[in-house]
Amino acid sequence: MRETYEPAAVERDAQDYWHRHRSFEAREDPARPKYYCLSMLPYPSGRLHMGHVRNYTIGDVLTRYLRMQGYNVLQPMGWDAFGLPAENAAISNGVPPAKWTRENIAHMRAQLKSLGFAIDWRRELATCDPAYYRWNQWLFLRMRERGLAYRKSGIVNWDPVDQTVLANEQVIDGRGWRTGAPVEKREIPMYYLAITRYAGELLAALEELPDWPERVRVMQANWIGRSEGCDIAFPYAADTVSAVGAAGSLRVFTTRADTLFGVTFMAIAAEHPVALAAARASPKLAAFVEECRRGSVTEAELATQEKKGMPTGLHVLHPFTGQPLEIWVANYVVMAYGEGAVMGVPAHDERDFEFALATGLPVVTVVRPTSGAYEEVRAPWIAAYGEHGVTVNSGEFSGLGFRQAVESIAAALEMKGLGARRVQFRLRDWGISRQRYWGCPIPIIHCAACGEVPVPDVQLPVVLPEDLVPDGSGNPLARSPAFYQCSCPQCGRAARRETDTMDTFVDSSWYFMRYACPDQAGAMVDERVAYWLPVDQYIGGIEHAILHLLYARFWTKVMRDLELVKFGEPFTRLLTQGMVLNHIYSYQPPGGRKRYFNPADVETRRASDGSARYEVVTSDLGPLAVEHEGIGKMSKSEGNGVDPEGLIERFGADTARLFTMYASPPEQTLEWSDEGVQGASRFIRRLWSAVYEQVAAGAAPALEP
RNA sequence: GCCGGGGUGGCGGAACUGGUCAGACGCGCCCGACUUAAAAUCGGGUGGCCCUCGGGCCGUGCGGGUUCAAGUCCCGCCCCCGGCACCA
């Protein structure tokens, strides 16, 4: 029997015991209340960081507490194993992403095990395993059968030098990360999932999630962005009819149909068909459309760029007055929202106002603007008529309040067949195609004769070859005949397999269901899912507040409608844990590049007045006085991370776990403190001393959790 | 730019739906006790400025406002963090 506390030995013994006794293996047991405690699965980046330790410790504490309360608790773990970092590692080291990923998983699994979490490791899964991702493919095909998955063109970042599609993250200041070449937009065919069909339900069901943080629900509601408005068709004038080659109308969506008589121009996106038609006739316009193609596709970039536009010389007719309105191509109009066209009402919309000012277009208003400030136009208007005002100079619709004006105008448009009231969502359909290697293959075959043909279910999974090495210039699958050469399942002739892979958010949209039945070879889910799901407590970072959580909610609703599961919301309670912070110390050599030093290497010297100096005693430059920059998120770039492995070796997992739990409430940021770690360590030591005393006195030690 | 969160002593952070006197609690610092000494521990003090030692004035990112009363409500702005649909 030991009499001094040696964390490594104690923890090894305990973990062995738990392993031998299968202490954390969860089995379906209708007699006991179940509890599904889930932490967001990690990306296998290589090493655990403190954020992981904190996340999983929170889940583990809850798991063990509820076990002791008599709940049948499931706490699983898995790996979000597809994604860009593996390709980046391949580019720099020449190692296949599969090898790199699996090695990382092995290392991180060992690190996680050393923390002694009450995880049922039998259920472990990695999203890059064909046994998992075949069901991504299977459900995709089911969605496609119902029109929930479809193909249309989408716009991506294009590196003209590497001839490759770039992720937004790979665009630095409008240039490709590897080539430095100015990024362009390019239109390519992609697969989409029709999440917008569920927009109304995704929004309404937020009300049924009282145990989600309010801010997450607000962010999701704003993201879905329901707005009530009106479709309005502006019939093409003769010039537009001849340019487009057919009669028709320019459709817009607006929430302010009441301002229809203040329209002074029409603005369309550069990718709009009318813009492309007009550009064919005008080299100047073609150049402008080309200019709009420069830069990345992110909303942040589109929203912050200077408003620019150019007239097409084409016109549409006002639906009531018949007055011609010129169509402009404008860089602030987004093709992806609404109809890719807006009616320009400078007096009632700040962006239209700025655009009109920049281009010299007229502003129809009661006040002549002189200063260029929108407030100058808006303020007297609101003062006179209130926020939404009263219609003036609007023909038969003059003198109406907002609601009444919209209703009357919409009714009149409907009579003319030129519009109707409609609900529009900001949410867009989910584009899942990625022109990348390390992801789940999209199970489609392109046949010259039959077109797009789904891979038959019996041929699933379409297995991703694991020996390719991406080099940064395009998708290696598209250069691998062994992968793309195939025969058409319908006509048997030679065909080409789709080489795009799925967005990794697909992988994480349902993994929590598969934990319930990881060994099920014949189906995506089975009756065990009905026992464990929905997840009772989900724990993860706030950075997933919108995309991951919204996609998982959508995917679950689709599975419900396919009668695969009976619930519509996957996560009953949500906890967003705070970040782990540490001090940031830097040294700025004269004329040199700023360097960061890890707080563990910094000594604090306090003067009698309480002021402090900070010093790195042993650096490669000798003793250095460093500057304290404050406290920030642990990050590689600021060199202020704490490696969990070293911490566990020195103090043991219990100290690491105790410190991360007691130093701050789970939702709040956690500030690293070596004194705090020492304190936690002392506490654990005292605890074990007491245990040893009991054992010495003849009591049996309790290792059952 | 848009959406969400935040900004309070040297530091982490309290303060219910506007209501005693902002700064609980903790850390740090200062003074004292114990000690040969130090650490540990215990007791006291600790927002800033001024002071005739009674107290006075200022103070919750900045500038306005509402109110008998504002950290809290309203208007405008600044800064930091997360997200903005191809990072995960």
Side-chain angles (χ1 to χ4, degrees), chain A residues 40-45 51-52 79-88 127 154-158 164-171 177 183 188 190 192-193 195-196 213-225 296-307 332 334 336-337 350-351 354 375 379 426-436 439 500-508 540-551 576 578-579 581 583 604 606-612 628 630-633 662-665 667-673 675-676 679 682:
Chain A
M40 290 183 186
L41 85 177
Y43 178 79
S45 54
H52 292 129
W79 308 97
D80 188 17
F82 277 134
L84 209 50
E87 298 202 17
N88 293 342
T127 58
I155 299 169
V156 294
N157 301 308
W158 180 256
T164 194
V165 175
L166 297 177
N168 286 335
E169 192 193 45
Q170 297 172 316
V171 180
W177 65 313
V183 168
I188 58 168
M190 301 206 290
Y192 285 84
L193 303 184
I195 189 172
T196 52
E214 172 73 14
R215 59 184 169 144
V216 174
R217 284 183 288 148
V218 169
M219 280 190 267
Q220 290 219 348
N222 290 339
W223 184 263
I224 296 166
S296 87
V297 299
T298 66
E299 192 187 301
E301 172 152 339
L302 292 171
T304 50
Q305 69 191 352
E306 191 193 344
K307 286 179 186 50
Y332 70 99
V334 184
Y337 182 75
E350 188 161 6
R351 288 176 314 174
E354 274 179 42
E375 276 306 302
R426 201 187 78 95
L427 183 68
R428 311 197 294 253
D429 275 347
W430 176 12
I432 58 158
S433 292
R434 299 291 178 269
Q435 298 67 45
R436 268 190 259 293
D500 281 359
T501 54
M502 293 186 196
D503 181 3
T504 56
F505 276 124
V506 171
D507 307 322
S508 54
I542 186 71
E543 68 273 20
H544 296 295
I546 297 174
L547 293 179
H548 161 59
L549 291 169
L550 192 64
Y551 291 145
T576 53
M579 291 183 299
L581 313 180
H583 293 269
T604 304
R606 270 186 199 284
S608 54
D609 62 354
S611 68
H628 185 225
I631 291 165
K633 185 178 178 175
Y662 95 102
S664 184
E667 290 95 338
Q668 287 184 23
T669 54
L670 166 65
E671 199 185 316
W672 199 261
S673 143
E675 296 79 48
R682 276 197 296 274

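Residue numbering restarts at 1 for every chain, and letters A, B, ... go by the order of the sequence lines.
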### Message
Please report the distance, rounded to the nearest Å, between CG in A:Leu547 and P in B:rA85.
### Response
8 Å
### Query
Looking at the side chain of A:Asn168, which of B:rC84, B:rC86, B:rG5 is the nearest nucleotide?
B:rC86
### Task
Using only side-chain N and O atoms of A:Gln305, determine if any of them is under 4.0 Å from OP1 or OP2 of B:rC2.
no
### Task
Ignoring backbone atoms, test whether A:Thr504 places a side-chain nitrogen or oxygen under 4.0 Å from the OP1 or OP2 oxygen of B:rA88.
yes
#### Entry: Selected nucleotide, minimal atom distance to A:Val218 side chain, candidates B:rG4, B:rG83, B:rA85
B:rG4
### Query
Could you walk me through whether A:Glu169 and A:Leu84 pass the side chain to side chain contact (heavy atoms under 4.5 Å, CB included) check?
CA-CA 10 Å; A:Glu169 192 193 45; A:Leu84 209 50; 4.1 Å; yes
### Message
What's A:Val165 touching, base or sugar-phosphate or nothing? Going by heavy atoms closer than 4.0 Å.
### Response
base
### Message
Looking at A:Val165, is its backbone amide N or carbonyl O close enough to the side chain of A:Gln435 to form a donor-acceptor pair, meaning the two atoms are under 3.5 Å apart?
### Response
no
### Task
Pick the C1' atom in B:rA33 and in B:rA40, then give their distance to the nearest Å.
14 Å
### Message
Given B:rC3, B:rC86, B:rG13, identify the nucleotide with an atom nearest to the side chain of A:Asn222.
### Response
B:rC3
### Query
Should B:rG48 be called syn or anti, with syn set as within 90° of 0?
anti
### Message
Please give the distance between the P atoms of B:rC11 and B:rC62 as a whole number of Å.
### Response
15 Å
### Task
Take atom CD1 of A:Ile542 and atom C1' of B:rC84, then tell me their distance rounded to the nearest Å.
14 Å
### Query
In whole Å, what is the span from the CG atom of A:Asn157 to the C1' atom of B:rC84?
14 Å
## Note on the structure
A:Glu87 atom CD is separated from B:rC86 atom P, nearest whole Å, by 16 Å
### Message
Please classify the nucleic acid contact of A:Ala300 as base, sugar-phosphate, or nothing, using heavy-atom distances under 4.0 Å.
### Response
base
### Message
Could you tell me the Watson-Crick or G-U partner of B:rC21, where both distances fall under 3.5 Å? Say none if there is no partner.
### Response
none
### Query
When we call it a touch if two heavy atoms are under 4.0 Å apart, what does A:Met502 touch: a base, just sugar-phosphate, or nothing?
nothing
### Message
Applying a 4.0 Å non-hydrogen cut-off, can you work out what A:Leu427 is touching in the nucleic acid: base, sugar-phosphate, or nothing?
### Response
base
### Query
What's the CZ-C1' distance between A:Phe82 and B:rC86, to the nearest Å?
16 Å
### Query
Rounded to the nearest 0.5 Å, what separation is found between the CG atom of A:Asn222 and the CD1 atom of A:Ile546?
8.0 Å
### Message
Checking understanding here: a glycosidic angle within 90° of 0 is syn, the rest anti, so what is B:rG10?
### Response
anti
### Task
For B:rC29 and B:rG12, measure between their C1' atoms and round to the nearest Å.
15 Å
### Query
Do you know which two heavy atoms are closest between A:Gly541 and A:Met40, and how far apart they sit?
N-SD, 3.9 Å
### Counterpart base for B:rC2, defined by Watson-Crick or G-U wobble contacts under 3.5 Å
B:rG83
#### Entry: Distance between C1' atoms of B:rG59 and B:rG71 (Å, rounded)
11 Å
### Task
Scan every strand shown for a Watson-Crick or G-U wobble partner of B:rC49, both distances under 3.5 Å, and answer none if you come up empty.
B:rG56
### Task
Determine, step by step, whether A:Glu87 and A:Arg434 satisfy the salt bridge (Lys or Arg N to Asp or Glu O under 4.0 Å) criterion, reporting the C-alpha distance in whole Å, the side-chain angles of both residues, the deciding distance to 0.1 Å, and the verdict.
CA-CA 13 Å; A:Glu87 298 202 17; A:Arg434 299 291 178 269; over 6 Å; no
### Message
For A:Thr298, is there any backbone N or O sitting under 3.5 Å from a side-chain donor or acceptor partner on A:Glu301?
### Response
no
### Task
Return the nearest nucleotide to the side chain of A:Met219; candidates are B:rA88, B:rG4, B:rG13.
B:rG4
### Pairwise P distance, B:rG18 and B:rC74 [rounded to whole Å]
11 Å
### Query
For the pair made of CZ in A:Arg217 and P in B:rG4, what is the distance, rounded to whole Å?
14 Å
### Summary
A:Trp223 has its side chain closest, among B:rC84, B:rC87, B:rG82, to B:rC84
### Query
Is a donor-acceptor pair below 3.5 Å formed from side chain A:Gln435 to base B:rC86, judging by atom type as modelled?
yes
### Task
In whole angstrom, give the distance that lies between atom CD of A:Glu671 and atom P of B:rG28.
13 Å
### Query
Hey, does A:Trp430 reach any base, or is it just sugar-phosphate, or nothing, if we go heavy atoms under 4.0 Å?
nothing
### Task
Could you tell me whether the side chain of A:Asn157 and the main chain of A:Val297 form a donor-acceptor pair under 3.5 Å?
yes
### Message
Starting the side chain at C-beta, find the nucleotide from B:rG1, B:rA85, B:rA88 nearest to A:Ala303.
### Response
B:rG1
### Task
Please work out if A:His548 contacts a base, only the sugar-phosphate, or nothing of the nucleic acid, heavy-atom cut-off 4.0 Å.
nothing
### Message
Among B:rA14, B:rA85, B:rA88, which nucleotide has an atom closest to any side-chain atom of A:Gln668?
### Response
B:rA14
### Task
Could you tell me whether A:Met40 contacts a base, only the sugar-phosphate backbone, or nothing, with contacts defined as non-hydrogen atoms closer than 4.0 Å?
nothing
### Query
Counting any heavy atom closer than 4.0 Å, what does A:Gly431 reach on the DNA or RNA strands: base, sugar-phosphate only, or nothing?
sugar-phosphate
### Query
For the pair made of OH in A:Tyr192 and P in B:rC86, what is the distance, rounded to whole Å?
9 Å
### Task
Ignoring backbone atoms, test whether A:Arg428 places a side-chain nitrogen or oxygen under 4.0 Å from the OP1 or OP2 oxygen of B:rA85.
no
### Message
Checking the side chain of A:Asp80 only, and the main-chain atoms of A:Leu41 only, is there a donor and an acceptor separated by less than 3.5 Å?
### Response
no
### Message
Under 4.0 Å, counting only non-hydrogen atoms across every strand here, what does A:Ser45 touch: a base, just sugar-phosphate, or nothing?
### Response
nothing
### Query
Is there a donor-acceptor pair under 3.5 Å between the side chain of A:Gln220 and the backbone N or O of A:Ala545?
yes
### Query
Paired with B:rG10 by Watson-Crick or G-U wobble geometry, both distances under 3.5 Å: which nucleotide is it?
B:rC27
### Message
Does A:Glu299 reach a base, just sugar-phosphate, or nothing at all? Heavy atoms under 4.0 Å.
### Response
base
#### Entry: Under 4.0 angstrom between A:Ser296 side-chain N/O and B:rC86 OP1 or OP2
no
